[in-house]
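Residue numbers count from 1 along this sequence.
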Amino acid sequence: MRPSLQSLAQQTYDVLIVGAGINGAAAAHAAVQQGYRVALLDAADYGSGASSRSSRLLHCGLRYLMPGGPLTTFVRHPGRFLDVLRTVRRSMAVRSAFVLEQPERARPIRMHYPVYRDGPYAPWLVDVAFGLLGALSDRKVALDYKRTPAREALAGNPFAPWLGNKDKLAAIASYTEYQFDWPERVVLDLALAARQLGAAVRNYTRVTAMRRQQDGWLVDVSDSITAQTATLHARAILNIAGTQVDAVNACADVPVGRKITGTKGAHIMFRLPSACRGQGLASVSSVGRPFYCMPWRDLHFFGPTETLYEGDPDKAHADAQDVDFLLREANSLFPSLGLERSDIVSTWAGVRPLTYDPALPMGHRSRRIYDQSDEGMPDMFSLSNGSLGAHRQTGKDLVQALRQRVAPSDPPQAGPAPASPIPDLAQILAKEDVVLLDDLMTRRLGLAWDAGHGLDQAAGIAAVAAQSCGWDAARQAEEVARYEARTRCLYGVRS
């Protein structure tokens with residue numbers, strides 16, 4: 001059950017983790033296993049930020065080898081290339097670990113990359129890229145890379161009938177990629193497993209102020225729904241609030257440097273021919289960025305965009321400019337499909353919490369763990385650009401950084417792995433801290449990601465949830481109306 005603020009205020013924690021996205025939940029689970037007394041808080045629901053609104057791809061690392069410009073970028077900036085190789089190695093390692101340990105949460109898809117004679121990457125460069133991926137992997141989860149000559153590919157590839165520029169096609173490179181079937185469920189599993197091991201875990205709890213004391217931190221928090229307040233005591237803080245890292249740091253009275261650059265990734269979803277089901281296509285957009293056509297259930301989505309975003313990340317959506325760009329890119333890939341705005345099933349967008357770098361206006365893609373002791377905030381750490389796929393390793397690395405400053409109060413403990421079976425609705429309502437109908441529809445049941453977003457089921461589910469959540473008839477109607485309005489805002493098609 002969701003603990004009261006008063007019960008949290010009665011304890012002293014070794015570490016307060018701010019942000020219960022996939023990296024915060026992984027850090028909480030890793031920390032409590034190591035004997036730390038943990039509180040995990042989020043200003044909204046578990047996994048409701050960037051964790052739930054990405055391209056949902058367990059990247060092998062290929063995108064990092066595409067510098068978004070000429071390959072001489074790596075020659076001019078060798079340090080950046082070394083960063084890329086480290087990132088690729090980590091991507092391959094976490095891909096392998098996640099697929100082997102949680103196969104029920106990783107959906108294999110066959111990806112295809114058309115190689116054009118006038119394209120940015122020659123066939124031999126694509127071979128080199130996949131050779132690097134293989135060399136940097138543990139070889140436990142195969143890429144199954146194959147490059148097929150144009151004539152053979154056009155005769156058998158599922159996307160071949162609709163590809164553009166067939167006369168310039170040199171080959172199609174194919175490989176096995178994995179998709180997060182349900183990243184929100186991964187977040188919940190980690191957070192609830194941490195709770196089973198003794199962590200205090202609470203959603204809709206916002207940090208409003210932080211004050212350094214001789215023996216740690218005093219942290220003022222407020223319930224995002226009821227506005228009730230409390231003050232928590234923690235020896236250390238891990239700020240893993242994603243796009244809100246800088247806002248959380250600003251709650252202290254000590255000025256620290258900027259950590260985050262937010263970039264928006266928007267997507268549009270279609271129903272493509274059935275021959276494409278379970279198959280994806282990777283490409284490079286007209287602005288030199290990685291661009292995907294990805295299967296999702298019985299649909300496909302195109303994206304992402306990459307634009308600087310400084311607004312409210314909770315309100316990020318695919319605006320009219322995003323839709324125009326994505327539709328144009330989709331039709332450039334598959335001109336004979338003749339996709340139109342009226343064919344779009346839905347849209348969505350998320351904001352990436354990239355690493356701030358004054359030399360890179362769109363942010364740096366390397367992950368950073370900041371020890372803010374040097375900035376006057378002892379025993380305070382922040383994270384930037386923690387990826388979806390690398391969450392377990394990131395959680396362990398955060399705990400390792402924490403251990404350099406604060407030792408755990410208790411001995412390590414073995415505990416249950418994050419649960420795999422999907423609980424039924426009664427169990428969800430009893431144990432998973434449902435506060436709003438959106439929590440159920442989007443993250444506990446995943447209905448928001450269906451073609452109809454679960455809108456025809458919302459009223460019935462609200463009625464079932466009413467008794468557990470203490471909703472009267474008026475509150476039920478309010479929750480349904482709120483969910484419908486949010487769905488239209490976040491998943492609708494702007495004209």
Side-chain angles (χ1 to χ4, degrees), residues 1-4 7 19-22 24-26 28-29 32 40-49 51-53 56 102 104-107 180-205 223-226 297 314 388 391 415-450 452-473 475-484 486-487 490-491:
M1 293 290 291
R2 187 167 176 256
S4 68
S7 67
I22 199 163
H29 187 251
V32 74
L40 172 66
L41 308 180
D42 198 286
D45 191 25
Y46 311 121
S48 60
S51 300
S52 68
R53 296 165 71 182
R56 296 174 172 258
Q102 288 191 274
E104 70 284 353
R105 296 285 185 265
R107 183 191 301 271
F180 274 94
D181 188 49
W182 199 347
E184 301 91 335
R185 190 72 242 173
V186 176
V187 177
L188 279 162
D189 289 346
L190 284 164
L192 296 175
R195 174 181 286 172
Q196 281 186 276
L197 291 169
V201 177
R202 198 176 197 271
N203 54 357
Y204 293 102
T205 307
D223 189 295
S224 303
I225 307 298
T226 68
R297 299 180 182 175
D314 291 335
L388 197 69
H391 63 278
S420 295
I422 304 300
D424 61 28
L425 182 55
Q427 292 174 309
I428 289 171
L429 290 168
K431 299 179 179 180
E432 296 193 354
D433 301 354
V434 173
V435 176
L436 304 177
L437 179 62
D438 184 58
D439 303 338
L440 269 177
M441 302 297 292
T442 304
R443 290 167 291 281
R444 308 305 189 279
L445 301 175
L447 295 173
W449 296 99
D450 287 344
H453 309 296
L455 289 171
D456 59 344
Q457 300 164 267
I461 290 173
V464 173
Q467 183 173 358
S468 297
C469 297
W471 300 341
D472 59 17
R475 176 66 185 274
Q476 288 181 54
E478 179 186 341
E479 288 295 326
V480 173
R482 191 203 322 261
Y483 177 70
E484 290 175 346
R486 182 173 173 80
T487 297
L490 297 184
Y491 304 100

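Every residue two or more places apart in sequence or in another chain that forms a side-chain contact (heavy atoms from CB on, under 4.5 Å) with Leu490 is listed here: Arg53, Arg486. Residues passing the salt bridge (charged side-chain N to carboxylate O under 4.0 Å, His left out) test with Asp45 are Arg443, Arg444, sequence neighbours excluded. A search for side chain to side chain donor-acceptor pair (under 3.5 Å) contacts involving Gln476 returns nothing, not counting sequence neighbours. Contacts of Asp223 classified as salt bridge (charged side-chain N to carboxylate O under 4.0 Å, His left out), with partners at least two apart in sequence or in another chain: Arg2, Arg202. Taking Asp472 as the reference, Ala474, Arg475 meet the side-chain contact (heavy atoms from CB on, under 4.5 Å) condition, with sequence neighbours excluded. A search for side chain to side chain donor-acceptor pair (under 3.5 Å) contacts involving Tyr204 returns Asp439, not counting sequence neighbours. Legend: residues meeting side-chain contact (heavy atoms from CB on, under 4.5 Å) with Ala28, ordered by chain and number and at least two apart, are Ile17, Val38, Leu40, Ala194. Here Tyr483 pairs with nothing under the ring pair (Phe, Tyr, Trp, His ring centres under 6.0 Å) rule; sequence neighbours left out. Shown here are the salt bridge (charged side-chain N to carboxylate O under 4.0 Å, His left out) partners of Arg482, two or more places apart in sequence or in another chain: Glu478, Glu479. Applying the ring pair (Phe, Tyr, Trp, His ring centres under 6.0 Å) rule to Trp182 yields no partners; only residues at least two apart in sequence or on another chain are considered. Qualifying side-chain contact (heavy atoms from CB on, under 4.5 Å) partners for Ile461, counting only residues two or more places apart in sequence or in other chains: Leu437, Leu440, Met441, Leu445, Leu447, Gln457.
The two atoms that bring Arg56 and Pro183 nearest to each other are NH1-CD, 3.0 Å, heavy atoms only. Met1 approaches Ala430 most closely through the heavy-atom pair SD-O, 3.1 Å. Shortest non-hydrogen contact noted between Asp433 and Asn203 is O-ND2, 3.0 Å. Nearest heavy-atom pair, Ala25 versus Ala191, reported as atom, atom and distance to 0.1 Å: CB-N, 4.0 Å.
Looking only at distances, no side-chain donor or acceptor of Thr442 sits under 3.5 Å from a matching main-chain atom of Ala448. With hydrogens and angles disregarded, a donor-acceptor distance shorter than 3.5 Å links the side chain of Ser224 to the backbone of Ala43. Listed for the Ser48 side chain is no donor-acceptor partner under 3.5 Å among the backbone atoms of Tyr46. At least one donor-acceptor pair closer than 3.5 Å links the side chain of His391 to the backbone N or O of Leu388. Distance alone, capped at 3.5 Å, places no donor-acceptor pair between the Asp450 side chain and the Gly452 backbone.
Remark: Glu432 does not engage Arg195 in a salt bridge, criterion side-chain N to carboxylate O under 4.0 Å.
Between atom CD1 of residue Ile428 and atom NZ of residue Lys431 there is a gap of 11.5 Å, rounded to the nearest 0.5 Å.
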Let me check something: any side-chain donor-acceptor pairs from residues 464-471 under 3.5 Å, sequence neighbours excluded? List them with distances.
none

Query raised in the report: How far apart are the C-alpha atoms of Ile225 and Val435, what are their side-chain angles, what is the distance that settles it, and do they pass the side chain to side chain contact (heavy atoms under 4.5 Å, CB included) test?
Result: CA-CA 9 Å; Ile225 307 298; Val435 176; 3.8 Å; yes

